[in-house]
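Following: one structure in structure tokens, then a few remarks.
As a basis for the values below, the full set of heavy atoms in this structure was taken, side chains included, without hydrogen atoms, waters or symmetry mates. All chains are named by letter (A, B, ...) in the order of the sequence lines, taking the proteins before the strands, and each is independently numbered beginning at 1.
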2 protein chains.
Amino acid sequence: MTCSATHVTEQIRARGFRLTQPRMAILNVLYEAGGHLTPTEIFEHLHPKLPHVSEPTIYRNLDFLRLNGFVRATPTGNGRLEYEIVGHPHHHLRCQDCGTEIEIEHSLLQPLYERLEQSTGYRLTETHHTFLGYCPRCKPKGE
Amino acid sequence: MTCSATHVTEQIRARGFRLTQPRMAILNVLYEAGGHLTPTEIFEHLHPKLPHVSEPTIYRNLDFLRLNGFVRATPTGNGRLEYEIVGHPHHHLRCQDCGTEIEIEHSLLQPLYERLEQSTGYRLTETHHTFLGYCPRCKPKGE
DNA sequence: GTGCTTATTGTAACTTATTACAATAAAAAG
DNA sequence: CTTTTTATTGTAATAAGTTACAATAAGCAC
Ligand SMILES: [Mn+2]
Ligand SMILES: [Mn+2]
Ligand SMILES: [Zn+2]
Ligand SMILES: [Zn+2]
């Protein structure tokens, strides 16, 4: 288990929640994957080793981990949600044609966030966004 | 039916697709609502008058209308999708605490889009985003 | 109008996601 | 280690969304 994984489990205990076997297993799958996973993918990863862990437990724990700020839910292209460990602040830019996806550093959005805070009076949370477009290779076709 | 609704139906015909009763009814519900609706809400709007229209037809037509650029799908807070007529370019900013939602003009995102196009080489599509934060009234609690 | 073509639909079966509630096991106390 | 407490789980039922395929009706030619 990585250093930050240990930090998360300590935090869960510190906040008075329980470190259950399914909960830790879900966190481990997400850490090992290192990217976005759907609830069904997580279920399939766990099932061979922990066949008793049920779907509702996956969904409930993903929600629990999200509400506690340990994972993030991000809508995939077709309406489903994918989950990932909250780590470095980033966003995505996906090619509508070939699907190629690159990461955007959150620092690039910082000026926008400040402008939005000024013009609306809201305090903005760092939300996770996926932008769409055409990559350099597909761009000619896209126009 | 509004002027732009007529434009949409003409476009559908012009592109070789059929103007079916369910398809027009779904468009009308979205036009009359004037905002975001879930597939289930659309189904419930239609059911009293057109009880034979089925759920798969709702989903298929929403997908059809989206792929043809007439409606937009936008993820609601809890992973579901909401649909709206594609009209003026806008985004949303929702308070995580009280749910109050305000619209953001797309022009405010234009500088970001240009910066992203320069730094990535992608050509960006105008994607619909929902930002989260705390509104002026909830902000004190949020900090 | 009648008949033809085929995009679109409804039905049925299935997958994915959510809810209610009794059973379980994690944490803490004795 | 044993008991107590209750957060968390599994089961069963339900809701939301998708797929396969035969039946239908929108558009067109006559
Ligand atoms: Mn991500
Ligand atoms: Mn909108
Ligand atoms: Zn591409
Ligand atoms: Zn608020």
Side-chain angles (χ1 to χ4, degrees), chain A residues 6 8-29 36-68 70-83, chain B residues 6 8-29 36-68 70-83:
Chain A
T6 310
V8 169
T9 55
E10 276 169 9
Q11 275 293 308
I12 290 173
R13 291 279 286 272
R15 296 183 197 180
F17 299 112
R18 295 181 183 173
L19 266 184
T20 65
Q21 201 182 32
R23 185 165 288 169
M24 290 192 294
I26 291 167
L27 272 170
N28 276 329
V29 169
H36 299 191
L37 289 179
T38 65
T40 301
E41 285 168 340
I42 295 170
F43 179 80
E44 284 161 0
H45 272 79
L46 292 189
H47 199 64
K49 299 206 171 186
L50 299 170
H52 62 92
V53 174
S54 61
E55 269 113 339
T57 293
I58 306 279
Y59 287 100
R60 279 179 303 218
N61 269 304
L62 288 173
D63 226 45
F64 166 87
L65 294 168
R66 182 180 59 78
L67 291 171
N68 282 276
F70 301 126
V71 307
R72 169 170 35 226
T74 178
T76 178
N78 46 53
R80 298 274 158 77
L81 286 181
E82 290 178 345
Y83 292 83
Chain B
T6 311
V8 169
T9 55
E10 277 170 7
Q11 274 293 309
I12 289 173
R13 292 279 287 270
R15 297 183 197 180
F17 299 110
R18 294 181 184 175
L19 267 184
T20 65
Q21 201 182 29
R23 185 165 288 170
M24 290 193 294
I26 291 168
L27 273 170
N28 276 330
V29 169
H36 299 190
L37 288 179
T38 64
T40 301
E41 285 168 340
I42 295 170
F43 179 81
E44 283 161 0
H45 271 80
L46 291 189
H47 198 65
K49 298 207 170 183
L50 299 171
H52 62 92
V53 174
S54 61
E55 269 112 339
T57 294
I58 307 278
Y59 288 100
R60 278 181 301 219
N61 268 304
L62 288 173
D63 226 44
F64 166 87
L65 293 169
R66 182 180 58 78
L67 290 171
N68 281 277
F70 301 125
V71 307
R72 170 170 33 225
T74 178
T76 176
N78 46 54
R80 297 276 159 74
L81 286 181
E82 291 178 345
Y83 291 82

How many Å lie between CG on A:L37 and P on C:dT16, as a whole number?
15 Å
Terminal axes of the helix from C:dG1-D:dC30 to C:dG30-D:dC1 (five pairs each): angle between them, nearest 10 degrees
20°
Let me know, please, whether B:T40 or B:L19 comes out on the 5' side of the other along DNA chain D by nearest nucleotide.
B:T40
Test side-chain contact (heavy atoms from CB on, under 4.5 Å) applied to A:Y83 and A:L65, step by step
CA-CA 10 Å; A:Y83 292 83; A:L65 294 168; over 6 Å; no
Evaluate whether atom NE2 of A:H36 has more than 12 neighbouring non-hydrogen atoms of other residues, nucleotides or ligands under 6.0 angstrom away.
yes
Rounded to whole Å, the CD-P distance (A:E44 to C:dT15) equals 12 Å
Indicate whether OP1 or OP2 belonging to D:dA25 is found under 4.0 Å from a side-chain N or O atom of B:T20.
no
Nearest whole Å is fine: how far is C:dA28 C1' from A:F17 CZ?
17 Å
Could you state the CG-C1' distance from A:N78 to C:dT15, rounded to the nearest angstrom?
13 Å
Rounded off to whole Å, could you give me the CZ-to-C1' distance for the B:R15 and C:dT8 pair?
18 Å
Whole-Å distance, B:N68 CG to C:dA7 P, equals 14 Å
Could you check whether the side chain of A:R18 and the base of C:dA27 have a donor-acceptor pair of N or O atoms closer than 3.5 Å, going by distance alone?
no
Closest nucleotide of DNA chain C for B:G16 versus for A:R13: which of these residues is on the 5' side?
B:G16
Send over the distance from A:I26 CD1 to D:dG10 C1', rounded to a whole Å.
13 Å
Can a donor-acceptor pair under 3.5 Å be found between the side-chain atoms of A:R23 and the base atoms of D:dT8?
no
Contacts to DNA chain C from residues 51-63 of chain A, heavy-atom cutoff under 4.0 Å, which residues?
A:P56, A:Y59, A:R60
Specify the separation, in whole Å, of atom CG of B:L27 and atom C1' of C:dT8.
15 Å
Evaluate the side-chain proximity of A:I42 to A:L62: yes if any heavy-atom separation is below 4.5 Å, no if none is.
yes
All ring-ring contact (aromatic ring centres under 6.0 Å, His included) counterparts of A:H52, not counting sequence neighbours:
none
Within-4.5 Å side-chain heavy-atom neighbours: A:L27 and A:V8
yes
Heavy-atom donor-acceptor pair, A:H47 side chain to A:F43 backbone, under 3.5 Å
no
Quick one, A:L37 with A:V29, criterion side-chain contact (heavy atoms from CB on, under 4.5 Å). Give me CA distance, side-chain angles, the key distance, then yes/no.
CA-CA 9 Å; A:L37 289 179; A:V29 169; 3.6 Å; yes
Quick one: do B:D63 and B:R66 make a salt bridge, cutoff under 4.0 Å?
yes
Without swapping roles, check the side chain of B:R23 against the backbone of B:I12 for a donor-acceptor pair under 3.5 Å.
no
